[in-house]
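Remember, it's 1-based here, ligands and their atoms both numbered in the order they're listed.
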Amino acid sequence: MPPFRCPLHSECVATILVTGGAGYIGSHTRYFLEKRGYSVLVVDNLSRGYKEAVPAEQLRVLDTRDGGRMEQLLRDERVDAVIHFAAYISVGESTQAPELYFENNASGSLSLFEAMLRAGVKRLVFSSTAAVYGIPQTVPITENEPYAPINPYGESKVMVEKMLEWLDRYREFRSIRLRYFNACGAEPEAGLGERHDPETHLIPLILRAIQTGEPVTFFGNDYPTPDGTCIRDYIHVSDLAEAHIHAVEHLLRGGQSEVFNVGTGTGHSVKEVMEAVERVTGKKVPHEIGPRREGDPPVLVADSQKLQAALGWRPARADLDRIVSDAWQFAQRAR
Ligand code: UDP
């Protein structure tokens, strides 16, 4: 399929601005947008992203809270739609300093939306999270599950989701909110993968344990699950990136605002992830069992039927060994 033509200027392809495009999910999405033929621009303040993850000519080192410059950029570059990733993502940090999350994630998003409204750009894909559900009442989780965040990170995303609901209603500002489950994997051929500092996510920590010999701690083995460890829905970052492309194309076609879960619908326990790593790498994972981590629900699995039915998206890389293999290739290159 050819890239979407710009709805305003039919001679050119659409221009998509990616905020936070030097981060993990943003850099993969930027890569797939470019592959599909879009004109892409990245705005990132590089506070937590990596400039090597973005071609220099596409990168604007800028903070989305700088409303004046954002408005100018949106106008000058004739941006058709924005995919908004720029945010802090650490649950633990958000409990240490909630104000950071309300300022950067909630207030920062509002500045961006104001700049977009002034520039007349009214299509946005928003990077949301399963953390808006907190501890869900039913699993697999559908989008009808109520907002019930249990940490400031999740709350900051709920705040932005609510802004978008009102902006849709009163300002014809159309958005797709994508609630991700556990993003993982990599695109090693493109030199892209997961590099958080500090790293808190399971798969990179298990791979690091193999590389360093330092044991990884598994948080609890007495959960009410078949093997006692927590179950999560691990979604390949490239499948997530493709969900953003489906979402932005829905908006470019004039589609209505929507909210979608993005997951595979299949859960894997911490122990199963460890076993997959051992199969893929052929090495034993040094590990120890620690206490439960506060706020970890036993099972989080997405029902993403709505996204599949509405936009035709499918998780093409859902196999756990494939996910681990891509992450492992990236981890070996990144060392
Ligand atoms: N986990 C773990 N040890 C770690 C990091 C994570 O046992 O060092 C577990 C965590 O309790 C959860 C799963 O791995 O059950 C995924 O955690 P992660 O932090 O990667 O993502 P989250 O589910 O918090 O978004």
Could you find the nearest protein heavy atom to atom 13 (C) of ligand 1 and give me its residue, atom name and distance? Tyr234 OH, 3.6 Å

Please write down residue, atom name and distance for the protein heavy atom closest to atom 20 (O) of ligand 1. Leu202 N, 2.8 Å

What residue and heavy atom of the protein are closest to atom 11 (O) of ligand 1, and at what distance? Asp296 OD2, 2.5 Å

Run the numbers for me: atoms of ligand 1, each under 4.0 Å from some heavy atom of Cys230, listed by number. 15 (O)

Quick check on contacts: which atoms of ligand 1 are under 4.0 angstrom from a heavy atom of Thr200? 5 (C), 19 (O)

Measure the distance from atom 2 (C) of ligand 1 to every protein heavy atom, then report the residue, atom name and distance (to 0.1 Å) of the closest one. Phe219 CD1, 3.4 Å

Would you check if there is a donor-acceptor pair between the side chains of Glu194 and His201 at a distance under 3.5 Å? yes

Top protein contact for atom 24 (O) of ligand 1, by heavy-atom distance: Arg293 NH2, 2.7 Å

Between Glu189 and Tyr31: side-chain donor-acceptor atoms closer than 3.5 Å: no

So, regarding His201 and ligand 1 (criterion: nitrogen or oxygen to nitrogen or oxygen, under 3.5 Å), is there a contact or not? no

Just by distance, with hydrogens left out, do Thr19 and His84 show a side-chain donor and acceptor under 3.5 Å apart? yes

Distance-only polar pair, side chains of Ser128 and Glu161, donor-acceptor under 3.5 Å: yes

Report the nearest protein non-hydrogen atom to atom 3 (N) of ligand 1: residue, atom name, distance rounded to 0.1 Å. Thr217 O, 2.8 Å

Polar contact flag, side-chain donor to acceptor under 3.5 angstrom, Glu93-Tyr101: yes

Answer yes or no: does an N/O atom from Val270 fall short of 3.5 Å to an N/O atom of ligand 1? no

In plain terms, say whether Glu145 and Arg179 are close enough for a salt bridge, that is, a side-chain N and a carboxylate O under 4.0 Å apart. no

Heavy-atom nearest neighbour in the protein, as seen from atom 21 (O) of ligand 1, with distance rounded to 0.1 Å: Asn182 ND2, 3.0 Å

Would Leu205 count as being in polar contact with ligand 1, using the rule that some N or O on each side must be under 3.5 angstrom apart? no

Under 3.5 Å side-chain donor-acceptor pair for Thr264 and Tyr234: no

Is Ile203 linked to Val237 within one hydrophobic cluster, defined over Ile, Leu, Val, Met, Phe, Trp and Tyr using a side-chain heavy-atom separation of less than 4.5 Å? no

